[in-house]
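Below: one structure, written as structure tokens.
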There are 2 protein chains.
Amino acid sequence: MDTRDALLDSAEQLVRSRGFDAFSYADLSAAVGIRKASIHHHFPTKADLALALIVRYRAQFGDTLGAISRKSATGGARLRGYLDAYRAALQGGRAVCLCVAFSAGRESFSDPVLAELDGFHRDGAVWLRETFAKGREDGSIKAVGEPSAEADATLALVEGAQLVARAAGDIERYDAATGLLRQRTR
Amino acid sequence: MDTRDALLDSAEQLVRSRGFDAFSYADLSAAVGIRKASIHHHFPTKADLALALIVRYRAQFGDTLGAISRKSATGGARLRGYLDAYRAALQGGRAVCLCVAFSAGRESFSDPVLAELDGFHRDGAVWLRETFAKGREDGSIKAVGEPSAEADATLALVEGAQLVARAAGDIERYDAATGLLRQRTR
DNA sequence: GTCTATAGATCGATAGAC
DNA sequence: GTCTATCGATCTATAGAC
């Protein structure tokens, strides 16, 4: 793996576990094993690093959603895959997904970063809307209301569940918050 | 109002709009109109300030929930009051409530602060559980599942809705995320 | 209780050798 | 592309006069 990717990987982990404002190039230097000045060669400013992180994350998460779609026969299976993906990102309660971390620190970011963050949320809402529409058609999700309203509610639910679970450092909170929704897929 | 309260008020606003790590005693000094060194007289360390903020917020929010309970005749009315309270805290999309801000920055806090934060979440979950139980009895909330599961889901939903709305700087996102739940109270 | 002054650390970022 | 060295700004916190 080249240095740029290693920097992005370590930076993403630091953002997700500590927050964007709470880690420094010194932390990143220690994690990757090169000097602070060398990081600036790859990402001249921290704003450049933030943009690279969110662009990569949005693309990767789009791939993840595509993979869930392909292997899920029903809308309910898709929704369970989505809940599982956010659950895995919690790392047992020691991190949140990058979008939650970025949403929480939105004051620190430039407009291009905020635009990507908004795009990430819109991507997720579109995918969820299709998922609920499918689940309503095939009967694999119970009591489906307006799909776009279900999508907006589900996006907020999983991000809030991550936040609450992370605050307590306990992944049980995520399961408790998402339990009713998961039950609707059985 | 005495200086200590003025400091807490300004600090709370700064935390909710920028995040705990992203404001400094210099910002607080400018907001309140006394010198940085004078702030240390009231709150020797920033950790002391954090604890005072969350303790006060937990107590105030408990009062708010009590007031909602007293003026609400049904479980549904209580739930609408809860959704309204979190909506008002958004300040049009320019801030989040203190618990969301603290949850997001949990790495910056000492154990006593995290214990208060957890207490805040437990208080809210207990109140919501009673609210859903009441709404199920009096028929003012539709399709109520297990009250404690409804409570955990609702807490995560409103915190996530705040996060998404704040990220976009648009309170419409809060209304979109909470619309289905609100509909269940009609 | 508020002030001036400053300590000591850390921050993001840059210059220039190799 | 990575390094040493360093800059100027900012951070939390303290000392001591008033």
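Computation of the quantities below employed the complete heavy-atom set of this structure, encompassing side-chain atoms and omitting hydrogens, waters and symmetry-equivalent molecules. All chains are named by letter (A, B, ...) in the order of the sequence lines, taking the proteins before the strands, and each is independently numbered beginning at 1.
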Flag the pair [X] and [Y] as a salt bridge only when some basic side-chain nitrogen lies within less than 4.0 angstrom of an acidic carboxylate oxygen.
{"X": "A:E107", "Y": "B:R166", "result": "yes"}
{"X": "B:E116", "Y": "B:R56", "result": "no"}
{"X": "B:D118", "Y": "B:R106", "result": "no"}

So which nucleotide from [options] ends up closest to the side chain of [X]?
{"X": "A:K36", "options": "C:dG12, D:dA13, C:dT2", "result": "C:dG12"}
{"X": "B:Y25", "options": "D:dA13, C:dG12, C:dC3", "result": "D:dA13"}
{"X": "A:A37", "options": "C:dA13, C:dC3, C:dT14", "result": "C:dT14"}

Check your understanding: Heavy atoms under 4.0 Å, any strand shown: does B:F23 hit a base, just sugar-phosphate, or nothing?
Key ->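 Contact class for B:F23: sugar-phosphate only.
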Length of the line joining [X]:[atom1] and [N]:[atom2], which is rounded to integer Å:
{"X": "A:D21", "N": "C:dT10", "atom1": "CG", "atom2": "P", "value": "18 Å"}
{"X": "A:I34", "N": "C:dA13", "atom1": "CD1", "atom2": "P", "value": "15 Å"}
{"X": "A:I39", "N": "C:dC11", "atom1": "CD1", "atom2": "P", "value": "11 Å"}
{"X": "B:L28", "N": "D:dC11", "atom1": "CG", "atom2": "P", "value": "12 Å"}
{"X": "B:H40", "N": "D:dC11", "atom1": "NE2", "atom2": "P", "value": "11 Å"}
{"X": "A:L49", "N": "C:dA13", "atom1": "CG", "atom2": "C1'", "value": "14 Å"}
{"X": "B:D48", "N": "D:dA13", "atom1": "CG", "atom2": "C1'", "value": "12 Å"}
{"X": "A:H41", "N": "C:dG16", "atom1": "NE2", "atom2": "P", "value": "18 Å"}

Ignoring backbone atoms, test whether [X] places a side-chain nitrogen or oxygen under 4.0 Å from the OP1 or OP2 oxygen of [N].
{"X": "B:T3", "N": "C:dT2", "result": "yes"}
{"X": "B:S38", "N": "C:dC3", "result": "yes"}
{"X": "A:S24", "N": "C:dT10", "result": "no"}

Review point. 5'-most contact on DNA chain C: A:A26 or B:H42, nearest heavy atom basis?
Key: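 Per heavy-atom nearest nucleotide, the more 5' residue is B:H42.
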Practice item. Would you please classify the geometry between the B:Y86 ring and the B:F61 ring as parallel, tilted or perpendicular, with 30° and 60° separating the classes? Key: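 Aromatic pair B:F61/B:Y86 classed perpendicular.
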Point to revise | Enclosure of A:R184 CZ (heavy-atom neighbours >12, cutoff 6.0 Å) | key: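 Enclosed: over 12 neighbouring heavy atoms sit under 6.0 Å from CZ of A:R184.
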